[in-house]
Structures are given as structure tokens and as C-alpha cells.
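Contents: one structure, followed by commentary.
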Amino acid sequence: MPELPDVEGYRRTLAEHGTGHRIQQVEVLDPGVLRDTDPAELASTLAGQQLRRPDRHGKWLLAHTDGPTVLLHFGMTGELRWMRSDEPRHRHDRVVFRLDDGAAELRYRDMRKLQGLRLAHGPGEVEQELAELGPDALGIERDEFLTMLQQRRGAIKPALVDQSRIAGLGNLLADEILWRARVHPTTPARQLTDAQRRRLYDQLRRVLARAVPAGRVPPLPSWLTGVRDQQHPHCPRCGAELSRTTVGGRSTVWCPHCQASD
DNA sequence: GCTTATGTTTACTG
DNA sequence: ACAGTAAACATAAG
């Protein structure tokens, strides 16, 4: 699930229910998701802190408080849910934040524990943790994006998901953007025409503009994302059978007709 | 048993 | 320094 639009959705959940409220208790159900911290430290540093407006950079959610900031990453299967406290716990609920609203609580749920939670004790530490990330995909400017593509040597798809160049795009978004821009995923970034580069930027913006309010890459039948997991998926635009291969180690779906190969 | 899954890091190779 | 690949992490589903 979690690419930029999903994490932005979790940020909205946290902003809506958390901002201005105090953390009463942090219950760690599985310490396996804590990175560089432990249940005792997390609980003692966060208890009593007031949540401020949360932030997001790429796929990282920044839960600011008056004191430390919790950095949450959702890996491939994580989510943040606001649920009534009397709802039964899910087996993959790993950390529960109880606020001063006792009727409901925030739950960090994650099946696989590929990523997890980090604790940053000040703005400096937050910056340190995010130092390797490129500009956020939602705010990247055209020139920044075009320059990034020109500096990149390899194929275009791995460039789009390289978090150190542009933060927030994952496997689904990258395929969706390439399909809409009619660019083959293995085209060397440096061989892209100006028109292709501009289309990639425009479609990046369009896809995000639709996906962010939805809180996910919407699996609509008119989107590549909506058909890619079917048995023999067809291009929503031209009807050709879609191709699937591995690019940059990731499962990649594209239309051999619309996205002519290099 | 095998493969695959929306992510990232590390080790190794070119 | 830069890219590419494979493996690892942990868990479930088909």
C-alpha cells in the first residue's frame, strides 16, 4: 500500500485526530518495529507530550510533538488507523498510541515488519534521518525534475523510485506515470526526448493530484493500477495485452503498444 | 515446496 | 562515484 498518497492519508488521519491532543500512553505490542529505540524510551519520552501538526517527506510520516518527533515508515504493508478503543486488536497491530480522547486510539499496523518507528529528539535529528532523501514528489519543481533525469545514467523506472533523487514514488506510481506518459520503463533516462521528460513531469503531477485525495493509487479500471493484477491484463487505453517483466528488481507492467520500447 | 507482494539497506560487481 | 544485481529483512497468500 504505502507510497506517497497512502502516507499522506495517514498524515491526514494523524492531523485530524491528533493535533493539539496529548499522548497519554504508548503501548508497544511488538518491539520488533522499533528502530534505535525501545518500548520504555518511547513511552517515557512521549507520555504527556502534545501532538503538533504532522509532516511528511516522501514515504516518511513525521509525528511532531512539543518534545521529540516520531518518524514512521510503513514499508510495504504498514498503515496507521484511528479506531475505537473497544475494537478488538488486530494481530498485526504493533504500536498503539492512546491520546486524551479515550474512546479511540491510533494504531500502527504492519504485517511484515520491514520498516518501523524511529524517535528523533529534535529538529536536527529529524533532518539527519531524512538527509538521504531527495525533494518530495508532491512539491518537486519542473526544473528540478528535469535536471534529475538528465543526471541519471540508467533506466528511467529505477530513477523514478530512487528515494535519494525524488522521494515518495513507489512501484505502482512509477508504472502508472510511465504508462500515462507513454514511456517504456527501461528507456535510458538520458535518452528521453524533451517531450517525454515533460510528459513524465505532467503525469507525475496529475497522478498525484488524483491519488493524494484518495489516500492511495486508485485501482480504477481506467488506470494501469486498476488492471495490473488481473490474470491477463489489457491496456485501458488501447486494449493491447500488457507486458510484465522485472526492471530494477521490481515487478513492472507496461503496454507494449503505447510504450514503444527503445 | 515454490513464487510473489505497493520498501529499503547492504554487499558485491562492473 | 555511479549503476546494476542479488540477498536479506518478516509475513501472508496463492
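Throughout, protein chains are lettered first and strands after them, A, B, ... in sequence-line order, and every chain is numbered starting at 1. Small disclaimer: the values here were computed from a predicted structure and weren't measured.
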Next on the checklist: Rounding to an integer number of Å, can you tell me how far A:Leu172 CG sits from B:dT4 P?
Outcome noted: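 One finds 17 Å between P of B:dT4 and CG of A:Leu172, rounded.
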
Item to check | Atom pair distance, as rounded to whole Å: CD in A:Gln150 and P in C:dC2 | outcome: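 Atom-to-atom, A:Gln150 to C:dC2, this comes out as 17 Å.
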
Next on the checklist: Applying a strict under-4.5 Å side-chain criterion to I, L, V, M, F, W and Y, I'd like to know whether A:Phe74 and A:Trp60 cluster together.
Outcome noted: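 Different clusters: A:Phe74 never reaches A:Trp60 through Ile, Leu, Val, Met, Phe, Trp or Tyr contacts under 4.5 Å.
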
Checklist entry - Quick one: do A:Leu62 and A:Leu99 end up in the same hydrophobic cluster if we chain Ile, Leu, Val, Met, Phe, Trp and Tyr together by side-chain heavy atoms under 4.5 Å apart? => result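 Result: no, two separate clusters.
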
Item to check | Donor-acceptor contact below 3.5 Å, side chain A:Arg244 vs main chain A:Arg228 | outcome: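 Yes: the side chain of A:Arg244 pairs with the backbone of A:Arg228.
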
Next on the checklist: Only pairs with both distances under 3.5 Å count, Watson-Crick or wobble alike; so what is the partner of B:dG14 in this structure?
Outcome noted: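 Partner of B:dG14: C:dC2.
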
Checklist entry - Taking any strand in view, what nucleotide pairs with C:dA10 in a Watson-Crick or G-U wobble way, both distances under 3.5 Å? => result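 In the structure as shown, C:dA10 has no Watson-Crick or wobble partner.
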
By nearest atom, which of the nucleotides [options] is closest to the [X] side chain?
X: A:Glu3; options: C:dT11, C:dG4, B:dT6; answer: B:dT6
X: A:Arg152; options: C:dA12, C:dG4, B:dT6; answer: C:dG4
X: A:Arg112; options: C:dA10, B:dT8, C:dC2; answer: C:dA10

Looking at every strand, decide which applies to [X] at a 4.0 Å heavy-atom threshold: base, sugar-phosphate, or nothing.
X: A:Gly154; result: sugar-phosphate
X: A:Glu132; result: nothing
X: A:Arg35; result: nothing
X: A:Ser251; result: sugar-phosphate

Check whether any side-chain N or O of [X] sits under 4.0 Å from OP1 or OP2 of [N], and answer yes or no.
X: A:His92; N: C:dA10; value: no
X: A:His73; N: B:dT8; value: yes
X: A:Arg91; N: C:dA12; value: yes
X: A:Thr77; N: B:dG7; value: no
X: A:Lys113; N: C:dC9; value: no
X: A:Arg250; N: B:dG7; value: yes

Next on the checklist: Side chains of A:Tyr201 and A:Arg197: any donor to acceptor distance under 3.5 Å?
Outcome noted: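 Absent: no donor and acceptor within the cut-off.
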
Checklist entry - Expressed as a whole number of Å, how far does the C1' atom of B:dT6 sit from that of C:dA3? => result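 Straight-line distance between the two C1' atoms is 24 Å.
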
Next on the checklist: Within 45 degrees of the ring normal and closer than 6.0 Å to the centroid, is that where the cationic atom of A:Arg180 sits relative to A:Trp223?
Outcome noted: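 Yes; both conditions hold, so A:Arg180 lies above the ring face of A:Trp223.
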
